[in-house]
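These values consider heavy atoms only, across backbone and side chains, with no hydrogens, waters or symmetry-generated copies.
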Amino acid sequence: MMNRWHVVKRLLPLLAMMSLLLSACGREDLSTLNPQGPVAEQQFGLMKLSISIMVLVVVVVFAIAIYVLIRFRRRPGDNKIPEQVEGNHKLEIIWTVIPLVLLVILGVPTIQTVFGLAKDYSNDENAIQIKVTSHQYWWEFEYPDFGVKTAQEMIIPSNTIISIEAKTADVIHSFWIPALAGKIDTNPGGNVNRMYFEANKPGVYYGKCAELCGPSHAYMDFKVKAVDEASFKRWVTAMKSPVDMPADPAIAEKFINECLTCHAIGDKGGQLYPNLTGMGDRVAVAGFLMNTDDAKYANEGTVYENLKRWITDPQEVKPGNHMPKVKLTEQEIDAISKYLSEQKLDY
């Protein structure tokens, strides 16, 4: 027994250090504890309320337990039978009423918030309507009132209600922007779910798929870019503006034949797979290859480098996705990557 206790004493400091270390993992902008919109703030309020009640109960129970262990411990020479309190109606009423009161304190605001957040803004003229369609492993965002369809990055005006209609093109996924709102499932079979959220200020908010959906589930990220109203209107206009093809006729022909049969850019191409308009402005390529000129991690690089990596072998980057390895030469991959990395929207 003593040997086991010595082992436990040695492990406790290690476990404490690991707890502190792991508690610092993750991103601040992927935390529900850092709400950036009214919906997230209400949900965070419920979390604080429930955690406060839980902490109160734990503290009181432990305090009473410690008090009883000390106050009523058996003392040397004391062989008396302790006072029996079973059947004490007063105590039974107290420990029945207190949980009921705590449930009411938690239940009333929970019901009010849950039903309030279920409000449908799909017919609200002041709300931005966005149809979200999940795919393995990317996100499609359609703005029916503006005639715009894009992918991986949802552009929204700040301080405006965003009404979401969510569905899936294949398996079940889950749409989640931790800093702005709770998650909602995208279900197959025409089962459409709705939600709404709002961003308090301009910024980039990271989103995730919160439902295990296949081998590249962990890479199924997206971004929400909140901008001011004027910038949003300019973005809509820029998305529908004509785009010039690559200057080299051979590269342009290859791009049209190999890329635009599935993808769209500007006013050209198809809409089967992610829209490529404004790739040079994107926060990431393929959802998780972060675009930066100061790469520090394996999933970081310049827009050009990330595009080249993705086009060269999509399956290596994101296993199980539906993009095939396109038959392109090294020079063609370079040229197309450079062309797409220079496609930026002025908004």
### Query
When clusters are formed by joining ILVMFWY residues with side-chain heavy atoms under 4.5 Å apart, either directly or through shared neighbours, do Y205 and W235 land in the same one?
yes

### Message
I'd like to know if the side chain of D334 pairs up with that of Y304 as donor and acceptor (distance under 3.5 Å, no hydrogens or angles considered).
### Response
yes

### Reported CE-to-CD distance for the pair M290 and E300, which is rounded to 0.5 angstrom
7.0 Å

### Task
Kindly assign one of parallel, tilted or perpendicular to the pair Y273 and H263, based on the angle between their ring planes and the thresholds 30° and 60°.
tilted

#### Entry: Whether Y143 and F146 hold their rings parallel, tilted or perpendicular, with breakpoints at 30° and 60°
perpendicular

### Query
To the nearest 0.5 Å, how far apart are CD in Q112 and CD in Q42?
10.5 Å

### Message
Hydrogens and angles aside, do T277 and N275 bring a side-chain donor and acceptor to less than 3.5 Å of each other?
### Response
yes

### Query
Can L276 be reached from V236 by stepping across I, L, V, M, F, W or Y side chains whose heavy atoms are under 4.5 Å apart?
no

### Task
May I ask you to check whether N291 and N306 show a side-chain donor-acceptor distance below 3.5 Å?
yes

### Message
Nearest 0.5 angstrom please: I98 CD1 to I93 CD1, how far?
### Response
12.0 Å

### Message
Tell me if the CG atom of D313 is crowded by more than 12 foreign heavy atoms within 6.0 Å.
### Response
yes

### Message
Assess, by modelled atom type and distance only, whether the side chains of S231 and R234 contain a donor and an acceptor separated by less than 3.5 Å.
### Response
yes

### Message
Rounded at 0.5 Å granularity, tell me how far NZ in K308 sits from CD1 in I333.
### Response
7.5 Å

### Message
Hydrogens and angles aside, do D293 and T302 bring a side-chain donor and acceptor to less than 3.5 Å of each other?
### Response
no

### Message
I'd like to know if the side chain of E305 and the backbone of G301 have a donor-acceptor N/O pair within less than 3.5 Å.
### Response
no

### Message
Determine whether a donor-acceptor pair (N or O, by modelled atom type, separation under 3.5 Å) exists between the side chain of S174 and the backbone of C209.
### Response
no

### Message
Checking the side chain of E332 only, and the main-chain atoms of T329 only, is there a donor and an acceptor separated by less than 3.5 Å?
### Response
yes

### Query
Would a hydrophobic clustering, with Ile, Leu, Val, Met, Phe, Trp and Tyr connected at side-chain separations under 4.5 Å, put V61 with L102?
yes

### Query
Does K167 NZ have over 12 foreign heavy atoms under 6.0 Å away?
no

### Message
Could you check whether any side-chain N or O of N299 sits under 3.5 Å from a backbone N or O of L289, counting only pairs where one atom can act as donor and the other as acceptor?
### Response
no

### Query
What's the shortest heavy-atom distance between T261 and L272, and which atoms?
O-CD1, 4.3 Å

### Query
So, the side chain of D170 versus the backbone of Q136: is there a donor-acceptor pair under 3.5 Å, distance only?
yes

### Message
Looking at Q315 and N321, would you say the former's side chain and the latter's main chain have a donor-acceptor pair under 3.5 Å?
### Response
yes

### Task
Give me the ring orientation class for F175 and F197: parallel if the planes are under 30° apart, tilted from 30 to 60°, perpendicular past 60°.
tilted

### Task
Indicate yes or no for a side-chain donor-acceptor contact from S50 to the backbone of M47 under 3.5 Å, with no hydrogens or angles considered.
yes

### Message
Counting only heavy atoms not in E253 (residues, nucleotides, ligands), do more than 12 fall under 6.0 Å from its CD?
### Response
no

### Message
Once salt bridge (charged side-chain N to carboxylate O under 4.0 Å, His left out) is applied, do any residues pair with E142, and if so which ones, sequence neighbours excluded?
### Response
none

### Query
Looking at W139, F288, Y137, W138, which one forms a ring-ring contact (aromatic ring centres under 6.0 Å, His included) with Y219?
F288

Identify every side-chain donor-acceptor pair in residues 340-347 under 3.5 Å, counting partners at least two apart or on other chains, and give the distances.
| from | atom 1 | to | atom 2 | distance (Å) |
| --- | --- | --- | --- | --- |
| S341 | OG | S337 | O | 3.2 |
| S341 | OG | K338 | O | 2.8 |
| E342 | OE2 | K338 | NZ | 2.6 |
| Q343 | NE2 | Y339 | O | 3.4 |

### Task
Say whether Q129 and S163, considering side chains only, have a donor N or O and an acceptor N or O under 3.5 Å apart.
yes

### Atom pair NE2/CD1 of H89 and I94 - distance to nearest 0.5 Å
13.0 Å

### Message
With a 4.5 Å cut-off on side-chain heavy-atom distances among I, L, V, M, F, W and Y, is there a chain of contacts connecting V60 to I53?
### Response
no

### Task
Any salt bridge (charged side-chain N to carboxylate O under 4.0 Å, His left out) involving residues 122-141? Give me the pairs, sequence neighbours left out, ordered by first then second residue.
E140-K149

### Message
Would you say CG of D78 has more than 12 non-hydrogen atoms from neighbouring residues, nucleotides or ligands within 6.0 angstrom?
### Response
yes

### Query
Would you call K223-E153 a salt bridge at under 4.0 Å N-O?
no

### Message
How long is the straight-line distance from OG of S158 back to CG of N200, given to the nearest 0.5 Å?
### Response
9.0 Å

### Message
Closer than 3.5 angstrom, by distance alone: can the side chain of R71 be matched with the main-chain N or O of V68 as a donor-acceptor pair?
### Response
no

### Message
Between S241 (side chain only) and T237 (backbone N and O only), is there a donor and an acceptor less than 3.5 Å apart?
### Response
yes

### Task
Check the pair I164, R194 against side chain to side chain contact (heavy atoms under 4.5 Å, CB included), reporting the backbone distance first and the verdict last.
CA-CA 5 Å; I164 298 295; R194 301 182 187 277; over 6 Å; no

### Task
Check step by step if side-chain hydrogen bond (donor to acceptor under 3.5 Å, both in side chains) holds for T292 and D294.
CA-CA 5 Å; T292 175; D294 184 24; 5.8 Å; no

### Task
Assess the side chains of Q36 and N34: does a donor N or O sit below 3.5 Å from an acceptor N or O?
yes

#### Entry: ILVMFWY cluster, Y297 and V283 together (side-chain gap under 4.5 Å)
no

### Message
For T168 and S134, which I'm curious about, is there any donor-acceptor pair between the side chains at under 3.5 Å?
### Response
yes

### Query
Is the shortest side-chain N to carboxylate O distance from K48 to E41 below 4.0 Å?
no

